[in-house]
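Since the structure comes first, as structure tokens, the remarks are kept for the end.
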Amino acid sequence: MADAFPYYAGFSFEWACSKIREVECRDEFTILDPWNGSGTTTLAANFNGHKSIGTDRNPIANLVAYLRCLTPLSTNPIEVAPASSMHADRTNDPLGNWFSVETVARIRDWTDSFSESSPGSRALGMVALFRAVRVLTKKFGGSNPTWVKRAKGDSDLVCISPSEVDRLVVTEQKFLQRKLLGSTRTNSEVALLTADANRLPIADASVDFVLTSPPYLTRIDYAVAYSRELAVLGTNVFEDRSIRSSLMGTTLIRKEEADSERFGTVGKRLLEDVKSHRSKASTGYYLKQTQQYLRDLSQGLSEITRVAKVGTVMHLVIQDSYYKDIPVPLADICIDEAELRGWVLEDREEFPVRRLLTSLNTSARTYAKGDVAESVVTLRRKK
């Protein structure tokens with residue numbers, strides 16, 4: 001089911017389980033993933049019998065995580081959504097960026113049915129709708145996930161019969177149900193929270209283990225990448241920028257000023273390299289975007305430090321990248337920032353990366369780039 005959430009980098013369920021099993025666990029052992037995405041960490045924690053907390057600002061991510069971690073395995077698909085007369089005017093519906101009014105009305109019949117069902121059926125149904133909508137709007141996508149086009153006119157809109165919408169939604173529900181039935185879980189407590197990593201709604205010193213992969217500095221606007229799924233939830237990201245601007249790594253610049261003095265040596269060096277680059281906007285937009293990302297990362301690490309007990313082990317899965325032809329040593333930045341907050345590096349594994357998210361942008365290929373690595377960084381909180 002993680003393939004329902006394709007653009008978030010991270011790690012496999014099997015790998016997460018192996019890392020959890022390495023730890024000597026006590027009663028009431030709590031595992032945290034502050035950038036939980038589709039819920040691999042919380043699923044692995046549940047599978048191994050541990051309490052877990054997963055947070056993510058993206059509501060799409062949390063629905064997928066809920067489906068994987070909390071939806072009863074016996075949940076059955078909803079076969080038919082009752083037709084409604086409430087959808088006569090759907091001209092302002094965000095799904096209208098891609099679908100005809102008639103098709104939008106039938107999709108809304110399904111969202112209404114799911115909203116009135118149990119939480120598990122809602123998660124199953126909504127993720128099925130996400131998948132169906134992505135299939136139906138495939139022509140509007142591109143090689144770069146942020147290149148999501150909208151219909152240029154009525155003739156470009158997707159217009160299919162209600163029965164075809166129904167067939168796709170039921171098919172996707174049954175596919176996800178088979179995935180659920182093939183999974184194994186315990187009755188461990190799982191908390192899934194829609195929240196920013198830099199403002200965790202978690203008590204001080206309450207976490208025993210952290211396993212996460214922070215969003216990479218790749219300038220991929222995840223809200224645009226999931227604009228069609230967010231439209232299913234009623235959000236038009238092309239008009240409402242609240243979710244876009246709040247996500248870590250966003251390409252939008254927030255109003256508050258970033259203070260580079262709060263960063264460690266490696267982060268400051270990256271800012272200087274970006275600022276001195278010869279390309280246009282390096283001293284303006286791109287510098288601000290890098291500052292904003294580093295601020296989100298450092299604040300997130302501060303929050304992890306606040307909620308982690310002394311002795312907590314943290315595994316970070318991090319991929320380096322490039323700004324133009326400037327290396328972005330994200331693993332080194334994370335280690336530096338964590339050490340400033342009382343963490344000690346215990347181990348670092350590196351693996352070569354063959355396909356970068358930044359390489360999806362064809363214009364970025366203008367600049368020469370060397371090899372980059374994905375790192376698994378292991379740190380322990382000492383104070």
Problem - Path from I107 to L157 over hydrophobic side-chain contacts below 4.5 Å - result: no
Exercise for the section: Show your working on side-chain contact (heavy atoms from CB on, under 4.5 Å) between V148 and Y226 and close with a plain yes or no. Expected result: CA-CA 9 Å; V148 179; Y226 290 98; over 6 Å; no
Practice task
Keeping the roles fixed (side chain from S375, backbone from V377), state whether a donor-acceptor pair exists under 3.5 Å.
Solution key: no
Practice task
Using a strict cut-off of less than 4.0 Å between a Lys/Arg side-chain nitrogen and an Asp/Glu carboxylate oxygen, indicate whether K179 and E172 qualify as a salt bridge.
Solution key: no
Handout entry: Residues forming a side-chain hydrogen bond (donor to acceptor under 3.5 Å, both in side chains) with E189, sequence neighbours excluded
Key = none
Problem - Check: S246 side chain, S242 main-chain N or O, donor-acceptor pair, under 3.5 Å - result: yes
Exercise for the section: Please answer: with hydrophobic residues joined when any side-chain heavy atoms are less than 4.5 Å apart, are F351 and L316 in the same cluster? Expected result: yes
Problem - Whether Q173 side chain and I78 backbone form a donor-acceptor pair below 3.5 Å - result: yes
Problem - Point-to-point distance, once rounded to the nearest 0.5 Å, from OG1 of T290 to CZ of R295 - result: 11.5 Å
Practice task
Sequence neighbours left out, what passes side chain to side chain contact (heavy atoms under 4.5 Å, CB included) with S12? Give chain and number order.
Solution key: E14, W15
Problem - Donor-acceptor under 3.5 Å (D336 side chain, D332 main chain) - result: no
Practice task
To the nearest 0.5 Å, tell me how far T41 OG1 sits from I20 CD1.
Solution key: 6.5 Å
Practice task
Taking the six-membered ring of Y286 (Phe, Tyr or Trp), confirm whether the NZ or CZ of K324 is under 6.0 Å from its centre and within 45° of its axis.
Solution key: yes
Exercise for the section: Using modelled atom types only, decide if a donor and an acceptor are shared between the side chain of Q289 and the backbone of T250 within a distance under 3.5 Å. Expected result: yes
Practice task
State whether the side chain of E374 and the backbone N or O of D320 hold a donor-acceptor pair below 3.5 Å, judged by distance alone.
Solution key: no
Handout entry: Hphob cluster co-occupancy, F263 + V266, side-chain heavy atoms under 4.5 angstrom
Key = yes
Exercise for the section: Please list, chain by chain and in numerical order, all residues satisfying ring-ring contact (aromatic ring centres under 6.0 Å, His included) with F209, sequence neighbours excluded. Expected result: H315
Problem - Residues that Y293 engages under ring-ring contact (aromatic ring centres under 6.0 Å, His included), provided they are two or more places apart - result: none
Exercise for the section: Could you state whether V307 and V23 fall into the same hydrophobic cluster, counting links through intermediate Ile, Leu, Val, Met, Phe, Trp or Tyr residues with side-chain heavy atoms under 4.5 angstrom apart? Expected result: yes
Exercise for the section: Look at the side chain of W98 and the backbone N and O of K149, then say whether any donor-acceptor pair between them is shorter than 3.5 Å. Expected result: yes
Exercise for the section: Show your reasoning for whether side-chain contact (heavy atoms from CB on, under 4.5 Å) applies to R348 and I335. Expected result: CA-CA 10 Å; R348 177 175 179 173; I335 292 169; 3.7 Å; yes
Handout entry: Cationic N near anionic O, under 4.0 Å, D156 to R150
Key = no
Handout entry: Contacts of E116 that satisfy side chain to side chain contact (heavy atoms under 4.5 Å, CB included) - sequence neighbours left out
Key = none
Practice task
Could you name each residue pair satisfying salt bridge (charged side-chain N to carboxylate O under 4.0 Å, His left out) that touches residues 204-215, not counting sequence neighbours?
Solution key: R26-D208, D204-R306, D208-K309
Problem - Other cluster members, V80 - Ile/Leu/Val/Met/Phe/Trp/Tyr, side-chain contacts below 4.5 Å - result: none
Problem - W343: partners by ring-ring contact (aromatic ring centres under 6.0 Å, His included), with sequence neighbours left out - result: none
Problem - Shared hydrophobic cluster for V135 and L233 (ILVMFWY, side-chain gaps under 4.5 Å) - result: no
Exercise for the section: Pick out which of L193, L192, T55, L43 makes a side-chain contact (heavy atoms from CB on, under 4.5 Å) with N36. Expected result: L192
Handout entry: Audit row: L63, R122, side-chain contact (heavy atoms from CB on, under 4.5 Å) steps and yes/no
Key = CA-CA 9 Å; L63 267 171; R122 178 177 183 269; 3.4 Å; yes
Problem - Ion pair R278/D325, N-O distance below 4.0 Å - result: yes
Exercise for the section: Check for a donor-acceptor pair, side chain of N48 on one end and backbone N or O of A44 on the other, with a separation under 3.5 Å. Expected result: yes
Problem - Close side-chain approach of K174 to R178, heavy-atom, < 4.5 Å - result: yes
Handout entry: Derivation and outcome, salt bridge (charged side-chain N to carboxylate O under 4.0 Å, His left out), residues R381 and E346
Key = CA-CA 10 Å; R381 188 182 173 198; E346 291 198 339; over 6 Å; no
Practice task
Scan for ring-ring contact (aromatic ring centres under 6.0 Å, His included) pairs involving residues 40-75, sequence neighbours excluded, and state none if there are none.
Solution key: F13-F47, F29-H50
Completion exercise
T103 meets the side-chain hydrogen bond (donor to acceptor under 3.5 Å, both in side chains) criterion, sequence neighbours left out, with S100
Problem - Heavy-atom donor-acceptor pair, S183 side chain to L180 backbone, under 3.5 Å - result: yes
Practice task
With the side chain counted from C-beta on, respond yes when V372 and S321 share a heavy-atom pair under 4.5 Å apart, and no when they do not.
Solution key: no
Handout entry: Ionic contact status for E337 with R341, cut-off 4.0 Å
Key = yes
Exercise for the section: Scan for salt bridge (charged side-chain N to carboxylate O under 4.0 Å, His left out) pairs involving residues 31-42, sequence neighbours excluded, and state none if there are none. Expected result: none
Exercise for the section: For residues S113 and P82, determine if any side-chain heavy atom of one lies less than 4.5 Å from a side-chain heavy atom of the other. Expected result: yes
Exercise for the section: Give a yes-or-no answer on whether the side chains of S302 and T305 include a donor-acceptor pair shorter than 3.5 Å. Expected result: no
Handout entry: Option among V376, T212, T40 that satisfies the side-chain contact (heavy atoms from CB on, under 4.5 Å) test with F11
Key = T40
Problem - Euclidean distance, L345 CG relative to T378 OG1, rounded to 0.5 Å - result: 8.0 Å
Handout entry: Flag for S298-R262: side-chain donor and acceptor within less than 3.5 Å
Key = no
Practice task
Compare all side-chain heavy atoms of L297 with those of L301 and state whether any distance is below 4.5 angstrom.
Solution key: yes
Handout entry: Heavy-atom side-chain proximity of P94 to F238 below 4.5 angstrom
Key = no
Practice task
To the nearest 0.5 angstrom, please state how far the NZ atom of K268 sits from the CG atom of D273.
Solution key: 14.5 Å
Practice task
Not counting sequence neighbours, which residues clear side-chain hydrogen bond (donor to acceptor under 3.5 Å, both in side chains) with T194? List them please.
Solution key: N62
Practice task
Examine the side chains of D240 and T235 and answer whether a donor and an acceptor come within less than 3.5 Å of each other.
Solution key: no
Problem - Sidechain N-carboxylate O distance under 4.0 Å for R199, E303 - result: no
Practice task
Would you mind reporting whether R380 and T312 have side-chain heavy atoms less than 4.5 Å apart?
Solution key: no
Exercise for the section: May I have the step-by-step check of side-chain contact (heavy atoms from CB on, under 4.5 Å) for R131 and F175, ending in yes or no? Expected result: CA-CA 10 Å; R131 292 173 60 88; F175 167 79; 3.2 Å; yes
Problem - pair V169-F114: side-chain heavy atoms closer than 4.5 Å - result: yes
Exercise for the section: Salt-bridge test for R167 and E164: reply yes if a basic N is under 4.0 Å from a carboxylate O, no otherwise. Expected result: yes
